[in-house]
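Convention: sequence-line order gives letters A, B, ...; per-chain numbering from 1.
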Amino acid sequence: MSTNLRVTLPDDRTMELPEGSSAYDVALAIGPGLARAALAAEVDGEMVDLHRALAGDVRVRLVTDRDPEALELLRHSAAHVLATAVRKHRPDAEIGFGPPIEEGFYYDFGVDEPFTPEDLELFESTMQEVIEADYSFERREVTKEEARELFADDPLKLERLEEFDDTETITVYRDGPFLDLCRGPHVPTTGRLGPYKLLSAAGAYWRGDERRQMLQRIYGTAFFSKKDLRTHLNRLEEAKKRDHRVLGKQLDLFTVDERVGPGLILWRPAGSIVRNEIEEYEKELILRHGYEIVYTPHVMSERIFEISGHLENFAENMFGAMEVEGARYRAKPMNCPGHICLYQADQRSYRELPIRYAEYGTVYRYERSGVLHGMLRVRGFTQDDAHVFCTREQVPGEIAALLDLVDEMLSTFGYPYTVELATRPEKALGDREVWDEAESQLRGVLEERGIEYSVDEGGGAFYGPKLDFKLIDAIGRRWQGPTVQLDFNLPERFDIEFIGEDNERHRPVMLHRVLIGSMERFVGGLIEHYAGAFPLWLAPEQVRVLPISEQWAEDARAFAAQLKDEGIRAAVRDRESLNYRIREAEMRKVPYMAVIGEREAADRTVAVRRRGAGRKQEILDRDAFVSQLLTEIASRALNGAAGGQSAAP
RNA sequence: GCUCCGGUAGCUCAGUGGUAGAGCGCUUCCUUGGUAAGGAAGAGGUCGAGGGUUCAAUUCCCUCCCGGAGCUCCA
């Protein structure tokens, strides 16, 4: 037997094996334990099936459930098992795509009748049968002609098939009765699948194209261990409990009214407090950072959007025109045009730059009805928008200042974050050289600061590169955070300029930036981040004063008045039983309860119970409690820092 | 916008071809309570809107509005 198969392992050990050996044989040679655990292999950097024959001089790494790629592999195989089960009950179901995704997998089917929850249960149990049958995932290379025959009854697969060019290898995978056009790789047999769960079904367009056929997509997830599956399902539960639409109702934060219109938020007093605190905080922050606060109209003549190019490029996202005295007006979809007009209200000297205009600018955008979602996706929202006008030389300094601002702000809310640099897209405005300079300025600042960042190649706006900050909430979800964009377009379109040191006209650089983004989305996200338990400085009601009985109600009201004098948001509840009122305050997520009874009235103290802390209480002198509250508020301490309820599940 | 599901009291939801129910909340009364629901009584609904079928529609059918899960898109 020839031994022309030479395998190099990750630790650089080599071994020789007979021709036709597979990664499985490699694993066997290393040890039976590994052979049992192996699911697939990485061969010369490419993932392949465990039993695929190796050839030549190869580098092999065996993949087991400990490797990060393994989950993807498992879920891809789970998608096939799902399709196997679906086909058993619906032999006519056309099969679309069935890939692994971040948290699981899906498979798309073309069926006449959409799936019901009962169908999902049925498929779920049939999947178990497929797993127990322990079918091998058999890989086969086929010609296009063969494949056409194999998938003669699968129009979606045939369509995909025609996209292969003649140099590509076409592979099919079979597990028991089910055959799929698929690149692979898969786990060796269906029996290798671990615990799984089907989660939902919904329509999805074939190939994501709304002009094409609507398929029925089934989502599911799969893991190697029951524990991991349970953790994941618990996390979904946790996310549901934190849903800002549910909490928004429970805590009276916001509402929508169909008479007002979909996607339009009405802020209730409690939610307005949260928003106002954020606005006040940010104002203080940006004034310190050299911004000037401005106000511009909500409705503007269409002329301005002709100049800005919004009518040309953004019209389908704008509300329709309204006519006043023969002129057409529009609700503004962005604040930049107004700020540019303010810039142009005077002739500008280089001595004035940078000019930083900030506004809580309320904008309106048309969003398709199907995408609206609570406060997170709406048609009217307020941006903490700012535009910086500066010279090219000033850009790095401005970016550096913004990084500080972002860092300070996000840490106040307790969000860790990541940074992404989005560079020049295919279709871009402005000279290459200007782009290169801008991108290298951005990189330079990030690197100088030692900030880790990833690059979204070609992800910039057509008018300039940008920095995106993604924030990570208490249960690990990523949210769009602050963004900073350089703009090479609007300065040209508006022909804005400043007089330089040389007494010549120059074009300033314009930076768009938001920290919070949309007030609506940000507060919606915060509700979920804190699970409704806002830190003291943001809490709509900060202290609830509870007299043990009506006898102490007057003293309680006097104490509440003292708190209010100090600017602390306090309320008294003096009806029902104490137990009842404590439960009520806990459910309302009020950060502090101050209980006053005979002892407290006599000693001028309060029994302080912290939200989520249970029966642990502290007897404090009233003035001491007040100053403790004031300190906690002034420092904008997070729940965790204050020793209260942690935001983590 | 599209596919599917839904809309019944302030909230969460049950229910029916003969104009409707629960729990919580709310109001009143009793209870004066020491750390997550003390007790009782009461008020509250054009059953999302319009049209159709029917002797009769909250229930069946159609259209529209709003919400949800997704697709697509985004601050």
Side-chain angles (χ1 to χ4, degrees), chain A residues 96 106 108 110-111 113-117 119 199-219 243 245-246 249-250 252 255-263 314 316-317 333-335 361-385 468 479-483 485 512 514-522 524-525 546-553 574-588 593-600 607-617 619:
Chain A
Y106 68 77
D108 286 342
V111 283
E113 290 289 305
F115 301 122
T116 63
D119 288 333
L199 296 168
S200 61
Y205 298 107
W206 170 231
R207 318 210 82 173
D209 184 340
E210 66 186 45
R211 289 164 307 196
R212 311 280 316 256
Q213 172 183 6
M214 172 78 64
L215 304 176
Q216 294 301 318
R217 175 171 298 178
I218 297 180
Y219 283 93
D243 190 319
R245 292 165 302 180
V246 175
K249 215 170 248 176
Q250 266 167 25
D252 295 336
T255 191
V256 285
D257 188 318
E258 70 175 82
R259 293 169 304 177
V260 172
F314 207 68
E316 60 192 42
N317 295 298
M334 292 188 191
N335 301 300
T362 303
V363 298
Y364 292 90
R365 297 184 190 171
Y366 165 70
E367 298 282 355
R368 302 163 109 204
S369 57
V371 306
L372 301 175
H373 182 86
M375 301 181 97
L376 301 183
R377 191 74 185 274
V378 294
R379 287 184 175 156
F381 55 99
T382 301
Q383 294 179 305
D384 64 325
D385 210 355
D468 275 326
W479 300 72
Q480 173 64 48
T483 77
Q485 306 197 346
H512 308 245
V514 291
L515 301 180
I516 274 158
S518 136
M519 217 58 222
E520 282 73 7
R521 182 176 282 183
F522 189 79
L546 306 173
I548 296 267
S549 75
E550 249 167 63
Q551 212 179 329
W552 320 108
D574 58 359
R575 308 177 34 221
E576 312 296 336
S577 66
L578 182 63
N579 276 344
Y580 181 91
R581 286 174 287 148
I582 284 175
R583 175 181 154 80
E584 193 180 45
E586 286 286 359
M587 296 210 307
R588 201 74 199 175
M593 279 161 261
V595 179
I596 292 179
E598 189 175 3
R599 296 193 293 272
E600 292 78 11
V608 176
R609 172 173 166 146
R610 201 187 291 267
R611 170 182 63 200
R615 298 175 81 105
K616 274 180 287 176
Q617 64 165 349
I619 308 294

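Remark: the separation of the P atoms in B:rA14 and B:rA56 is 30 Å, to the nearest Å. Annotation: B:rG21 and B:rU46 have their P atoms spaced 15 Å apart (nearest Å). B:rG45 and B:rU12 are spaced 16 Å apart, taking the C1' atom of each and rounding to whole Å. Using atom C1' as the reference point in both B:rG50 and B:rG68, the two lie 24 Å apart (nearest Å). To the nearest whole angstrom, the two C1' atoms, one in B:rG48 and one in B:rG6, are 11 Å apart. Comparing the same atom, C1', in B:rG70 and in B:rC24 gives a spacing of 32 Å after rounding to whole Å.
What separates CG of A:L578 from P of B:rG34 is a distance of 8 Å, to the nearest Å. What separates CD of A:Q213 from C1' of B:rC4 is a distance of 15 Å, to the nearest Å. Going from atom CD of A:Q617 over to atom P of B:rA36 covers 10 Å, rounded to whole Å. The distance between atom CD of A:Q551 and atom C1' of B:rG34, rounded to the nearest whole Å, is 13 Å. Whole-Å rounding puts the A:Q250 CD to B:rC13 P distance at 11 Å. When rounded to the nearest whole Å, the span between CD1 of A:I582 and P of B:rA37 equals 9 Å. Rounded to an integer number of Å, the gap from A:D257 CG to B:rG48 P is 16 Å. Note: CD (A:E550) to P (B:rC30) measures 10 Å, nearest angstrom.
The shortest heavy-atom contact between A:E576 and A:R581 is O-NE, 3.4 Å. Nearest heavy atoms, A:T382 versus A:E520: N-OE1, 2.9 Å. Nearest heavy atoms, A:E600 versus A:I619: OE2-CD1, 3.9 Å. A:W206 and A:G96 make their closest contact through CZ3-CA, 3.8 Å (heavy atoms, listed as atom of the first residue, atom of the second, distance). Across every non-hydrogen atom of A:V371 and A:R377, the tightest pair is O-CG, 3.1 Å. Minimum heavy-atom separation, A:R521 to A:S518: N-OG, 2.9 Å.
Under 4.0 Å is where a charged nitrogen must lie from a carboxylate oxygen, and between A:D252 and A:R588 at least one such pair does.
Considering A:R211, A:R207, A:R212 in turn, A:R211 is the only one that fulfils the salt bridge (Lys or Arg N to Asp or Glu O under 4.0 Å) rule with A:D209.
Phosphate proximity of B:rC2 to A:R212: absent, as no side-chain N or O sits under 4.0 Å from OP1 or OP2. Taking side-chain N and O atoms only, A:K616 has no distance below 4.0 Å to OP1 or OP2 of B:rU35. Distances shorter than 4.0 Å separate some side-chain N or O of A:S577 from OP1 or OP2 on B:rG38.
Remark: A:M334 CE to A:F314 CZ distance equals 4.0 Å, nearest 0.5 Å.
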In dot-bracket notation, what is the pairing pattern of RNA chain B, taking Watson-Crick (N1-N3 plus N6-O4 or O6-N4) and G-U wobble (N1-O2 and O6-N3) contacts under 3.5 Å, with [ ] crossing and | for other strands? (((((((..((((....[..)))).(((((.......))))).....(((((..]....))))))))))))....
Contact string for nucleotides 60-75 of chain B, one letter per nucleotide 5' to 3', B = base within protein heavy-atom range under 4.0 Å, S = sugar-phosphate only, - = neither, reads -----SSSSBBBBBBB
What does nucleotides 24-29 of chain B look like as a protein-contact string, B for base, S for sugar-phosphate only, - for none, at under 4.0 angstrom between heavy atoms? -SSS--
